[in-house]
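Before any comments, here is the structure.
As the structure is a prediction and not an experimental result, all values here were calculated from the model. Just follow the structure's listing: the first ligand is 1, and inside any ligand the first atom is 1. Start at 1 with the first residue, then count along the sequence.
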Amino acid sequence: MTAEALMMACVSDIAGMIRGKGFPAAALPARVARGVGWVPTNVQITCFDRIAPTPFGSLGDLVLWPDPKSEVRVDFGDGGPVERFILGDVTGTDGSPWSCCLRSMLRRALADLEAETGLTLYAAFEHEFMFKGGGPAGAAFSLDGFRKRQRFGELFLGALRQAGLSPDSFLREYGRDQYEVTIDPAAGVAAADQSLVLRALARATAARLGDDITFTPLIGPDEVGNGVHIHISFRDARGFPATYDAGGRHRLSRTAGAFAAGILKYLDRIVAFTAPSVVSYTRLTPHRWSAAFNNLGDRDREAAIRICPTSARDEAGIARQYHYEVRACDAAASPHLQLAALVLAGLAGVREGLETPTATTDDLSLLTPEALAARGLARLPTSLAEALDRLERDETVRSWFPDGFVEVYLAHKRGEIAMLEGMDAAAVCAAYAAVY
Ligand code: GLU
Ligand code: MG
């Protein structure tokens, strides 16, 4: 008997999961032409696999359109099945836009940014994750810690390379059996696609080795967090770097500065998209090297947006390397929705002509809310419920998204919160570690 090679058409959903349907790999051209059936209420399947309140009920049909540019084919060479999946956008059966398609939401936001600024956004998602039931604390950044997971790292980076990503580094992070992987930037939607592919291939590699990993934002109440840091830079229409300006405040170009200012102005309302789990808000507390305030930092790992270091000695080299990272993000989110929210807020900052913020250098946790406000700063929401309330109350931010989307999102996330009722902090962390 000859086995039938299968592949899967996938979307990135509100729960930050990769869901979709499988079909014979040989049928890919036909599937690209006629799509794969999809269901509106699937968007309300929470990370705990129970369905949150849904406005769609059992009604309606959608089409998932596999995008050949996003096809992943990775042969681990171990005799197991070839890892094969493809991402896509979702529309109505008549081709009309679907208000909850996160990938097309990102594509539209990027197109608006490009049309209004002439700049293309490049992004790289840096991920931290942990091996579950893992080793003792210690061994941070050590050769022993590196060697312990070197086999994993080599297979994983090889898989990323086969999938068309360009790995930059793999390292033993500070937390318990925690590792970090960075990749080179990609333009536009591809950057979010690559984050999804990276998460999927990390899990695929772990499965091949019998390891169990998690990207959960927080594995236990007193543990180190797993962040996603979204590195952002811009290039102009000729492909020249457009993030750096030697004369700008903090050496940021006018557009890059206004874009960062927009993200920071609206961060307390969009963090519900970028750090969307209950445990995300324990990670986003002071002195965890994540982000607890809406501040810009110059090489400060406690800032919501951190300007990253450069190593070049010449102006052209510095301009090429110059960029910042948004740290108030984690892997409970869809990378497409995360980046869409950042682009929409950043673009609002550009439209409003916001000035580049002044980078903070002090410990903001020592300041009163009044002292923070006097400097245009605020503590980020301290719970998912509060983050959702702030999003709901802001008509402007809601208007950036397709009609009805924010209502669906709020119902999804409030449903998720209700599913955790009665659990203590450790049980909530365990519930998320089991699914992310
Ligand atoms: N683990 C930290 C976080 O939750 C980040 C540590 C670092 O790489 O600076 O974002
Ligand atoms: Mg790190």
Side-chain angles (χ1 to χ4, degrees), residues 16 123-132 134-135 137-142 145-146 149 153 156-157 167-185 195 198-199 202 213-232 263-264 267 271 273-309 323-333 335 338 342 359-361 363-365 379-382 384 387 425 429 432-433 436:
F125 288 63
E126 169 188 334
H127 287 81
E128 293 170 335
F129 59 96
M130 287 170 172
F131 287 81
K132 279 201 257 183
F141 300 98
S142 70
F146 175 77
R149 302 297 178 187
F156 177 34
L157 266 55
D168 174 82
S169 57
F170 175 76
L171 59 99
R172 171 69 171 85
E173 248 287 2
Y174 179 74
R176 192 190 293 266
D177 226 344
Q178 186 184 38
Y179 289 76
E180 175 182 300
V181 60
T182 54
I183 51 173
D184 289 342
S195 164
L198 182 151
R199 296 176 199 183
I213 59 164
T214 177
F215 287 84
T216 183
L218 200 69
I219 199 165
D222 303 317
E223 301 283 345
V224 171
N226 289 308
V228 170
H229 303 162
I230 304 181
H231 293 254
I232 291 178
I263 292 174
L264 295 174
L267 189 58
V271 73
F273 296 123
T274 61
S277 76
V278 169
V279 294
S280 300
Y281 293 84
T282 309
R283 173 180 165 256
L284 297 180
T285 49
H287 309 138
R288 281 177 167 273
W289 290 30
S290 56
F293 302 89
N294 62 338
N295 60 322
L296 177 70
D298 193 356
R299 288 162 290 174
D300 175 358
R301 290 181 178 78
E302 287 257 307
I305 296 184
R306 165 182 176 256
I307 300 173
C308 298
H323 74 281
Y324 46 70
E325 61 174 0
V326 185
R327 298 172 70 89
C329 308
D330 63 52
Q338 257 168 345
L342 296 177
T360 58
T361 51
D363 182 351
L364 301 182
S365 71
R379 178 78 171 85
L380 294 179
T382 56
L384 176 59
C429 286
Y432 280 109
Y436 290 119

Original post:
Quick one: which of Glu128, Glu180, Glu126, Gln178 has a heavy atom closest to atom 6 (C) of ligand 1?
Top reply: Glu128
Subject >> Pick from Glu223, Arg283, Arg327: the one approaching atom 10 (O) of ligand 1 most closely through a non-hydrogen atom >> reply: Arg283
Original post:
Within the stated cut-off of 2.8 Å, is an N/O/S atom of Glu128 closer than that to the Mg ion (ligand 2)?
Top reply: yes
**OP:** State the atom name: nearest N, O or S atom of Glu180 to the Mg ion (ligand 2).
**Re:** OE1
**OP:** Give the name of the N/O/S atom in Glu173 that lies closest to the Mg ion (ligand 2).
**Re:** OE2
How far does [atom1] of [X] sit from [atom2] of [Y], to the nearest 0.5 angstrom?
| X | Y | atom1 | atom2 | value |
| --- | --- | --- | --- | --- |
| Asp184 | Ser169 | CG | OG | 9.5 Å |
| Leu198 | Glu126 | CG | CD | 11.0 Å |
| Lys132 | Ile219 | NZ | CD1 | 7.0 Å |
| Phe215 | Met130 | CZ | CE | 12.0 Å |
| His229 | Thr182 | NE2 | OG1 | 12.0 Å |

Original post:
Purely on distance, is any nitrogen or oxygen of Asn226 under 3.5 Å from one on ligand 1?
Top reply: no
Subject >> N/O separation below 3.5 Å, Val224 to ligand 1 >> reply: no
Original post:
Taking it one step at a time, do Phe129 and Val181 satisfy side-chain contact (heavy atoms from CB on, under 4.5 Å)?
Top reply: CA-CA 9 Å; Phe129 59 96; Val181 60; 4.2 Å; yes
Original post:
Which ligand 1 atoms, with their elements, are less than 4.0 angstrom from a heavy-atom of His229?
Top reply: 3 (C), 5 (C), 7 (C), 8 (O), 10 (O)
Original post:
So, for Thr274 and Ala328, which heavy atoms are closest and what is the spacing to 0.1 Å?
Top reply: OG1-O, 2.8 Å
**OP:** For atom 8 (O) of ligand 1, find the nearest protein heavy atom and state the residue, atom name and distance (0.1 Å precision).
**Re:** Glu173 OE2, 2.9 Å
